[in-house]
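Working notes for the structure below.
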Amino acid sequence: MSSPMLLSRFLSSPVFWARYTFALDGCAGSERLGPVSDPLGAEHLVARVVFEVGGGHGITLSINTRVGGYELGITGPGSTKPAELGWDDLAHWHPYVFRWTELELICQAVAANDPQLSHPGAPMALLCRFAAIFDDDDVHRAEAVVTAAFAALRPQDWNGYWPTGSDWLARADFRGQKVTWHRGAAGMWAEQHDDHDADFYSTRVSPPAATDEHFPHARLKALLTAAAATTGTRPPS
């Protein structure tokens with residue numbers, strides 16, 4: 001288990017970000033790669049990072065650049081292991097977990113809980129892959145915040161490839177893709193209707209059940225409530 005700050009040498013590495021964003025695999029940003037090299041060389045990162053939002057609630061991110069797989073989990077007070085929220089890879093990905101307002105609230109709470117983790121910064125840069133943009137979002141603000149998060153980690157003397165908000169948006173933009181959000185007492189869930197171009201791969205696509213069998217709605221709602229308490233704001237609605 002690691003703190004995001006312990007990963008600082010990777011977070012300032014263009015090789016790490018080229019792997020983490022799949023730019024090395026031809027995804028958005030690959031056209032800017034050119035020669036990518038730095039002191040890390042071929043070193044890979046295998047770690048689990050915990051982002052605490054307050055009240056014993058947290059988001060876990062498992063990183064494995066060796067296999068190109070990234071898993072998102074959620075923990076709460078007294079939980080023994082993370083509940084799965086989503087995952088990202090280039091085989092059977094289901095990364096889309098958060099709405100933009102939820103992700104930004106979580107990152108703000110992480111920063112308030114740990115002064116070393118500024119916002120926008122490492123939490124946003126690492127977690128944005130698990131958020132998507134929809135018709136009612138402020139896409140210009142979202143892209144600018146993600147760009148600022150990546151820029152905050154970029155070494156001052158590095159002029160080569162570095163990820164941007166537009167790279168993220170290329171995979172995260174579901175405006176016009178017939179995704180509808182439904183609101184219930186236990187949480188929100190999404191449904192994608194026919195006649196769309198991009199498939200919305202997410203585990204958050206079934207109504208909340210008493211057992212949270214398909215998605216941990218209750219845990220996420222509790223985490224967002226805790227994050228709002230940490231930041232002194234209202235949970236997203």
Side-chain angles (χ1 to χ4, degrees), residues 1-23 28-29 38-40 45 47-55 57-63 65 70-75 85-86 88 95 97-133 137-172 223-224 226-233 236:
M1 204 76 72
S2 303
S3 160
M5 292 305 297
L6 297 179
L7 309 181
S8 57
R9 70 191 186 97
F10 283 92
L11 298 181
S12 62
S13 161
V15 171
F16 168 76
W17 287 113
R19 288 170 174 155
Y20 188 76
T21 63
F22 298 143
D38 70 355
L40 290 180
L45 174 62
R48 176 179 288 175
V49 187
V50 182
F51 299 95
E52 301 286 352
V53 305
H57 296 270
I59 294 293
T60 66
L61 172 62
S62 295
I63 300 172
T65 60
Y70 310 99
E71 300 175 0
L72 196 71
I74 187 170
T75 61
L85 291 173
D88 202 7
V97 176
F98 303 123
R99 296 175 296 148
W100 169 254
T101 53
E102 294 170 342
L103 175 63
E104 187 159 37
L105 171 63
I106 288 169
C107 292
Q108 289 169 341
V110 170
N113 198 56
D114 185 346
Q116 296 185 81
L117 295 174
S118 60
H119 175 71
M124 176 62 72
L126 288 167
L127 295 178
C128 65
R129 73 182 314 133
F130 296 101
I133 290 293
D137 286 318
D138 184 344
V139 63
H140 299 295
R141 170 177 167 74
E143 184 178 358
V145 170
V146 173
T147 293
F150 285 128
L153 302 172
R154 182 174 186 156
Q156 291 185 354
D157 58 349
W158 178 252
N159 295 314
Y161 162 82
W162 202 255
T164 67
S166 61
D167 296 338
W168 161 74
L169 192 60
R171 292 189 75 206
L223 180 139
L224 294 173
T230 297
T231 58
T233 59

- Can you tell me if W100 uses its side chain to pair, donor with acceptor, with the backbone of A132 under 3.5 Å? no
- Note: R141-E104 ion pair, threshold 4.0 Å (strictly below): yes
- Residues two or more places apart in sequence or in another chain: which of them pass side chain to side chain donor-acceptor pair (under 3.5 Å) with E102? R99, R204
- Which distance, rounded to the nearest 0.5 Å, do you find between the CD1 of I106 and the CD1 of I59? 4.5 Å
- Note on the structure: Nearest heavy-atom approach of T60 to I74 is OG1-N, 4.2 Å
- Task: Check whether any side-chain N or O of D137 sits under 3.5 Å from a backbone N or O of V139 as a donor-acceptor pair, and report yes or no.
- Result: no
- Query: Just by distance, do the side chain of S62 and the backbone of R48 share a donor-acceptor pair under 3.5 Å?
  - Reply: no
- Sequence neighbours left out, what passes ring pair (Phe, Tyr, Trp, His ring centres under 6.0 Å) with F150? Give chain and number order. W17
- Message: For a quick test of reading the model, state the closest non-hydrogen atom pair linking A122 to L153 and the distance between them.
- Response: CA-CD1, 4.0 Å
- Determine the minimum heavy-atom distance between I133 and A142, stating which atoms define it. CD1-CB, 3.6 Å
- Taking the side chain as every heavy atom from C-beta outward, state whether V53 and N113 have any pair of such atoms under 4.5 Å apart. no
- Query: Quick check: does any side chain N or O of R129 sit under 3.5 Å from a backbone N or O of Y20, one acting as donor and the other as acceptor?
  - Reply: yes
- Message: Nearest 0.5 Å, please: how far is SG in C107 from CZ in F51?
- Response: 7.5 Å
- Query: Between CE of M124 and OG of S118, what distance do you get to the nearest 0.5 Å?
  - Reply: 11.0 Å
- Query: Okay, side chain of S13, backbone of F16: is any donor-acceptor separation there less than 3.5 Å?
  - Reply: yes
- From D167 CG over to T21 OG1, what is the distance, rounded to the nearest 0.5 angstrom? 6.5 Å
